[in-house]
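Here the structure is laid out as structure tokens; the discussion comes afterwards.
Every chain is numbered from 1, with letters handed out A, B, ... down the list of sequences.
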Amino acid sequence: GTRIVYERAFLMNLRNSPISQ
Amino acid sequence: EVLVAPDISPDEHKLQYAYALWYSKRNPGKLGALLSYDQNLKLIGRFASVEQFWGLYSHLSRPSELNTHTDFHLFKIGIKPMWEDEANQRGGKWVVRLRKGLVSRCWENLILAMLGEQFMVGEEICGAVVSIRFQEDIICLWNKTASDLSTTQRIRDTLRRVLHLPPTALMEYKTHNDSLK
């Protein structure tokens with residue numbers, strides 16, 4: 001199947017999302 | 001069983017693989033010598049989504065803040081950070097030695113590339129280790145098949161790129177078999 005690929009910038013953006021806390 | 005992937009909610013961003021983060025510290029003295037490598041490994045936590053990763057990571061000390069002889073091990077769930085694990089038996093690792101002051105940034109760059117599947121080598125990546133030592137720090141990336149030259153070279157090239165290593169930085173490949181001898 002398709003691999004789930006994330007760029008560094010995308011991962012960094014999720015750092016401060018409320019779900020990440 | 002602690003080694004199964006944690007559940008994630010639908011609004012989280014699922015990772016390709018779930019991971020477990022481990023910690024180990026070499027204990028000085030007699031007790032340390034009596035404990036096996038296995039007994040020194042402590043599970044810190046598990047995650048299967050980007051949000052769960054940040055939730056765990058943001059509560060941890062940065063590698064540069066750790067005491068000497070401490071290691072973090074980040075491995076896919078189901079693979080123990082040991083040579084003896086089935087997934088590691090025929091494997092090896094790229095070893096990058098870093099002068100003091102670089103390790104926290106390099107470790108973060110490495111794990112973000114690993115979680116984001118930037119290595120593009122299928123199932124080959126097993127996990128990563130950061131080791132804090134007296135005069136230098138060491139980052140290792142473990143893969144399954146040491147004999148697969150095109151894969152190990154691809155891993156090396158991606159590693160060099162994501163760590164932003166200068167062309168002169170030393171990288172060494174070691175098979176786990178060699179390390180055992």
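- In the hydrophobic clustering of this structure, Met82(B) does not group with Tyr19(B); members are Ile, Leu, Val, Met, Phe, Trp, Tyr whose side-chain heavy atoms approach within less than 4.5 Å, directly or through other members.
- Two different hydrophobic clusters hold Ile77(B) and Ile8(B) under the rule that ILVMFWY side chains link at heavy-atom gaps under 4.5 Å.
- Leu41(B) and Phe47(B) fall into different hydrophobic clusters, defined by Ile, Leu, Val, Met, Phe, Trp and Tyr side-chain heavy atoms under 4.5 Å apart, directly or through other members.
- Atom CG of Leu115(B) and atom CD1 of Ile4(A) lie 11.5 Å apart (nearest 0.5 Å).
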Walk me through it: do Ser17(A) and Glu51(B) pass the test side-chain contact (heavy atoms from CB on, under 4.5 Å)?
CA-CA 8 Å; Ser17(A) 93; Glu51(B) 288 82 357; 4.0 Å; yes
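- By the 4.5 Å heavy-atom criterion applied to side chains, Tyr17(B) and Arg3(A) are counted as neighbours.
- Of residues 131-143 of chain B, no residue lies under 4.5 Å from chain A by any heavy-atom pair.
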Could you walk me through whether Asp11(B) and Ile19(A) pass the side-chain contact (heavy atoms from CB on, under 4.5 Å) check?
CA-CA 8 Å; Asp11(B) 50 353; Ile19(A) 320 172; 3.9 Å; yes
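- In summary, Arg8(A) and Glu117(B) do not engage in a salt bridge, as defined by a charged side-chain N under 4.0 Å from a carboxylate O.
- Neither the backbone nor the side chain of Leu56(B) has a heavy atom closer than 4.5 Å to any heavy atom of chain A.
- With Gln118(B) contributing its side chain and Tyr6(A) its backbone, the two residues share a donor-acceptor pair below 3.5 Å.
- Contacts of Glu108(B) with chain A are made by side-chain atoms alone, with heavy-atom separations under 4.5 Å and no backbone atom involved.
- Note on Gln52(B), His13(B), Met120(B): by heavy-atom pairs under 4.5 Å with chain A, the leading option is His13(B).
- The hydrophobic cluster containing Ile44(B) also contains Leu110(B), counting ILVMFWY residues as joined when their side-chain heavy atoms lie under 4.5 angstrom apart, directly or transitively.
- No single ILVMFWY cluster, assembled from side-chain heavy atoms under 4.5 Å apart, contains both Tyr57(B) and Trp22(B).
- With a threshold of 4.5 angstrom between heavy atoms, His59(B) does not approach chain A through any atom at all.
- Comparing Leu14(A), Asn16(A), Val5(A) by heavy-atom pairs within less than 4.5 Å of chain B, the highest count is held by Leu14(A).
- In this structure, Trp54(B) contributes its side chain and Met12(A) its backbone to no donor-acceptor pair below 3.5 Å.
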